[in-house]
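Data first, discussion second: the structure below is written as structure tokens.
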Amino acid sequence: MGCKRAQGFLEKSAAEVKQTTDATRERRGPKEALALAHTVKTIVVGRGKKVIRFDMRNPPDDETLLAHLLGPSGNLKAPTLRLGNTLLVGFSEEAYREILGRQ
């Protein structure tokens with residue numbers, strides 16, 4: 001459900017998408033999720049109405065990160081977007097407006 005809402009938001013905002021990956025075909029587990037997390041400066045996680053931010057210059061422990069990055073399947077949550085040095089995980093309209101508004 002979040003993927004469809006994210007896709008709709010991106011279409012309305014006319015954001016340029018350079019690469020997409022089908023999360024049902026290409027799964028990213030804990031190791032890959034942590035590797036991706038450590039390549040950005042900021043992680044913004046949407047959880048329902050709640051938005052959680054991590055400053056990766058002073059990152060939390062891996063267990064905390066994984067609790068926010070992985071879905072019930074044990075894989076990286078979808079949708080996940082990388083925008084420069086920011087990683088958006090899950091869908092939060094508030095977070096998308098904030099981050100995409102800066103691009």
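Atoms considered below: every heavy atom in the structure, side chains included; atoms not considered: hydrogens, waters and symmetry mates.
The distance from the CD atom of Glu32 to the CG atom of Leu70 is 10.0 Å, given to the nearest 0.5 Å. Rounding to the nearest 0.5 Å places NZ of Lys31 at 13.0 Å from CG of Asp62.
Residues Glu94 and Val44 form no side-chain contact, since every pair of their non-hydrogen atoms from C-beta on lies 4.5 Å or further apart.
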Verdict with reasoning, Leu69 to Ile43, per side-chain contact (heavy atoms from CB on, under 4.5 Å)
CA-CA 9 Å; Leu69 297 176; Ile43 297 176; 4.1 Å; yes

One pair to check against side-chain contact (heavy atoms from CB on, under 4.5 Å): Asn85 and Met56. What are the steps and the verdict?
CA-CA 10 Å; Asn85 285 316; Met56 294 303 289; over 6 Å; no

In residues 73-82, what donor-acceptor pairs under 3.5 Å come from side-chain atoms, sequence neighbours left out?
| residue | atom | partner | partner atom | Å |
| --- | --- | --- | --- | --- |
| Ser73 | OG | Asn75 | N | 3.3 |
| Ser73 | OG | Asn75 | ND2 | 3.4 |
| Lys77 | NZ | His68 | O | 3.4 |
| Thr80 | OG1 | Lys77 | O | 2.5 |
| Arg82 | NE | Gly84 | O | 3.0 |
| Arg82 | NH1 | Thr39 | OG1 | 2.8 |
| Arg82 | NH2 | Thr39 | O | 3.1 |

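Closest approach of Leu87 and Ala37 over heavy atoms only: CD2-CA, 4.4 Å.
No option in Val51, Ile52, Val45, Ile99 other than Val51 meets the side chain to side chain contact (heavy atoms under 4.5 Å, CB included) test with Ser92.
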